[in-house]
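So the structure is just underneath, and the comments pick up after that.
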Amino acid sequence: MLVAFVVNDIDREYARLQSEGVTITTPIETEPWGEKFFQVTNPNGVVIQLVTLENLRLLDKV
């Protein structure tokens with residue numbers, strides 16, 4: 001199972017969770033279509049993905 005949450009500042013959330021000792025399952029990756037994400041896994045094996053949709057953020061500035 002994978003649960004995804006959209007966040008405004010992926011780099012800040014990554015740094016925050018690392019500083020709290022959370023094990024990062026998948027380090028930050030950027031997909032060709034602009035999705036930037038990382039993943040952690042909870043003790044029950046559920047993958048939690050935090051994602052920023054860079055292309056959508058660019059549309060907010062138009």
Side-chain angles (χ1 to χ4, degrees):
M1 176 184 294
L2 182 138
V3 179
F5 295 95
V6 177
V7 297
N8 288 327
D9 189 338
I10 196 81
D11 297 309
R12 186 176 81 199
E13 292 300 324
Y14 187 83
R16 181 181 69 81
L17 291 175
Q18 275 193 315
S19 73
E20 292 181 13
V22 175
T23 301
I24 306 297
T25 306
T26 305
I28 290 181
E29 295 183 12
T30 303
E31 300 289 1
W33 53 88
E35 179 181 293
K36 190 173 180 181
F37 72 94
F38 70 92
Q39 298 175 336
V40 300
T41 304
N42 79 5
N44 295 317
V46 176
V47 176
I48 301 167
Q49 179 175 6
L50 279 74
V51 60
T52 296
L53 306 171
E54 295 292 327
N55 289 339
L56 293 180
R57 285 178 33 173
L58 292 174
L59 291 175
D60 289 340
K61 298 177 183 180
V62 174

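In this chain, numbering begins with 1 at the start of the sequence shown.
Side-chain atoms of Leu50 and Ile10, non-hydrogen and from C-beta on, do get closer than 4.5 Å to each other. A heavy-atom distance below 4.5 Å is not found between the side chains of Phe38 and Thr25.
With rounding to the nearest 0.5 angstrom, the OG1 atom of Thr26 is 12.5 Å from the CD1 atom of Ile48.
Residue pairs satisfying the salt bridge (Lys or Arg N to Asp or Glu O under 4.0 Å) criterion with at least one member in residues 37-48, sequence neighbours excluded, are absent. For residues 15-24, every residue pair satisfying the side chain to side chain donor-acceptor pair (under 3.5 Å) rule, not counting sequence neighbours, is listed here: Glu13-Arg16, Arg16-Glu20. Applying the salt bridge (Lys or Arg N to Asp or Glu O under 4.0 Å) rule to pairs touching residues 42-51 yields nothing, sequence neighbours excluded.
Under the rule for a side-chain hydrogen bond (donor to acceptor under 3.5 Å, both in side chains), the partners of Asp11 that lie at least two apart in sequence or sit in another chain are Lys36. Under the side-chain contact (heavy atoms from CB on, under 4.5 Å) criterion, Ala4 pairs with Leu2, Gln49, not counting sequence neighbours. In this view, Glu29 satisfies the side-chain hydrogen bond (donor to acceptor under 3.5 Å, both in side chains) rule with no residue, not counting sequence neighbours. Under the side-chain hydrogen bond (donor to acceptor under 3.5 Å, both in side chains) criterion, Thr30 pairs with no residue, sequence neighbours left out. The ring-ring contact (aromatic ring centres under 6.0 Å, His included) test applied to Phe37 returns no partner, not counting sequence neighbours.
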Could you walk me through whether Val51 and Phe5 pass side-chain contact (heavy atoms from CB on, under 4.5 Å), step by step?
CA-CA 6 Å; Val51 60; Phe5 295 95; over 6 Å; no

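Hydrophobic clustering, with ILVMFWY side chains joined whenever heavy atoms are under 4.5 angstrom apart, keeps Val40 apart from Val47.
Taking each heavy atom of Asp9 and Arg12 in turn, the nearest pair found is OD1-N, 3.0 Å.
Between the side chain of Asn42 and the backbone N or O of Asn44 there is at least one donor-acceptor pair closer than 3.5 Å.
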